[in-house]
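Numbering of ligands and ligand atoms starts at 1, following listing order. Atoms considered below: every heavy atom in the structure, side chains included; atoms not considered: hydrogens, waters and symmetry mates. The shown structure was predicted, so the numbers you read here are calculated from the model rather than taken from an experiment. Residue numbers run from 1 in the order of the sequence given.
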Amino acid sequence: MIKKIGILTSGGDAPGMNAAVCGAIHAGHKLGKEMYVVIGGYYGLIHNDIHKVEANFADHALNLGGTIIKTKRLPEFKEENVRKEAVKALKAEGIDALIVVGGDGSYMGAKALTSMGINCVGLPGTIDNDIASSDYTIGFDTALNTVVEAIDKIRETADSHKRCIITEVMGNRCPDLTLYAGIATNADYIITVDKPLDKEDLIKTLNEKYETQDSAMVLLAEKQYNLEELTKFVKENTKWDTRNDILGYIQRGGTPTAMERVNAIRMGTYAVELLDKGIGGVCVGIVNNKITHREIFEALSLERDKHEDLMQVFEYIK
Ligand code: F6P
């Protein structure tokens, strides 16, 4: 029977991580567990930055973006000798179960720790929505709202000057933020991994729009094309007065939306229920609005949903 459970956040911070931590800590206390937080992800684990917390530890942070238990990217965690340090630190505290909130890379660490005797449950935490085992990742809804708010504002200035503005959106090769924001803002063109740049089509679209619109909004998913080169190309091949913008890290911060908090708390509490039943080596997801879990190794091999239906919606509305 698991008595002590740790929780850490790993990879890029995402709004709602605090809500997941809060949910897990409360559920753990209600189920009679001692709850521990690890400060700074896997890095904190190997540096013994592990602290026992009371039930109300994260209550004040429900409405805060970022992660109050900090995070760090630690590529070295792939190495077995580094992971052994982590297991040693957890065992020294008598902790035999760990909740890991993060992306795919963090899941790999959780899977490896499980095979080394620490029952782990992964929660999908990243603004990118790039975890195939869940329809929704913690942080995506808030980041999407931030992107939409920014694009709406950029549209206002673009409209006033009759400009084309190309905005780079985060996503780490996952198109979801760009695609969803493209639909929600009625953008004029999107460029993503599933819809790579077609120069001829872009110029044709923008030239047509020049005749009927006061502005044109192009959303470029990061890492898909060089923003400056694209801006120059549009400038040279259309009549549009063309500018660009990179939304950057504002996409990662901000007050988590209500839906984000509810889903994150739901996932955090479910993770504790799983560990209480002795289930580990799994990751939690929300699929068709039902909370669910599956083996991490299986989750990591799932194909990303290409949202062909949403691509079609974008084609209609653009
Ligand atoms: O995974 C979240 C994310 O913000 C990606 O969208 C982006 O590519 C990456 O993290 C940026 O990472 P870093 O925090 O290392 O700059």
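- Using a heavy-atom distance under 4.0 Å as the criterion, the protein contacts of ligand 1 are Arg73, Thr126, Ile127, Asp128, Met170, Gly171, Asn172, Glu222, Lys223, Tyr249, Arg252.
- Residues in residues 158-170 take part in these side-chain hydrogen bond (donor to acceptor under 3.5 Å, both in side chains) pairs, two or more places apart or across chains: Asp159-Ser215, Arg163-Asp241.
- Listed by first then second residue, pairs satisfying side-chain hydrogen bond (donor to acceptor under 3.5 Å, both in side chains) with a partner in residues 131-140 read Asn129-Thr137, Tyr136-Glu260, not counting sequence neighbours.
- Checked by atom type, the side-chain pair Asn186/Lys318 shows no donor-acceptor distance below 3.5 Å.
- Distance check, rounded to the nearest 0.5 Å: CG of Asp13 to NZ of Lys72 gives 13.0 Å.
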All N/O donor-acceptor pairs, side-chain side in residues 244-251, below 3.5 Å, sequence neighbours left out:
{"from": "Asn244", "atom 1": "ND2", "to": "Glu228", "atom 2": "OE1", "distance (Å)": "3.4"}
{"from": "Asn244", "atom 1": "ND2", "to": "Glu228", "atom 2": "OE2", "distance (Å)": "3.4"}
{"from": "Asn244", "atom 1": "ND2", "to": "Thr231", "atom 2": "OG1", "distance (Å)": "2.9"}
{"from": "Gln251", "atom 1": "OE1", "to": "Met170", "atom 2": "N", "distance (Å)": "2.9"}
{"from": "Gln251", "atom 1": "NE2", "to": "Gly248", "atom 2": "O", "distance (Å)": "2.7"}

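- In this structure, a donor-acceptor pair under 3.5 Å is absent between the side chains of Tyr36 and His51.
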